[in-house]
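By convention here, the first residue in the shown sequence is residue 1.
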Amino acid sequence: MKLEKREITLNEFDSLKDIFYTEKCLLSEYVLAIAKAERKETRGELINISKEIAEVLCFVGDLMRGASIENE
């Protein structure tokens, strides 16, 4: 059986969707870590990092909305 080579390309929206999903999962894990953290300093640092991730998540979401409008 001969396998055909297919060119696989990702458009901008697909790439943004992958980034969005990854950041969303990462944020979820940080929230779980905050709940388990015992030290106040650790919780504070995790909260700061979570805020940064949430900002990236919102930024990527805005880019996705822009990319989906361009595709229509």
Would you give the length of the straight line joining atom [atom1] of [X] to atom [atom2] of [Y], rounded to the nearest 0.5 angstrom?
X	Y	atom1	atom2	value
Glu52	Leu26	CD	CG	11.0 Å
Leu27	Ser50	CG	OG	5.5 Å
Glu23	Ser28	CD	OG	12.5 Å
Arg43	Ile34	CZ	CD1	10.0 Å
Phe20	Phe59	CZ	CZ	13.5 Å
Asp18	Phe13	CG	CZ	10.5 Å

**Prompt:** Are side-chain heavy atoms of Ile47 and Lys51 found at a separation under 4.5 Å?
**Reply:** no

**Complete:** Correct closest heavy-atom pair for Leu46 and Ala37 would be CD1-CB, 4.2 Å

**Single hit among Glu38, Arg39, Glu45, Lys40 for side chain to side chain contact (heavy atoms under 4.5 Å, CB included) with Thr42** =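 The side chain to side chain contact (heavy atoms under 4.5 Å, CB included) with Thr42 is passed solely by Arg39 among Glu38, Arg39, Glu45, Lys40.
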
**Request:** With Lys24 as reference, evaluate Ile53, Val60, Leu57, Ile19 under the side chain to side chain contact (heavy atoms under 4.5 Å, CB included) test and give the passing residue.
**Result:**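 Output: one option passes, namely Leu57.
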
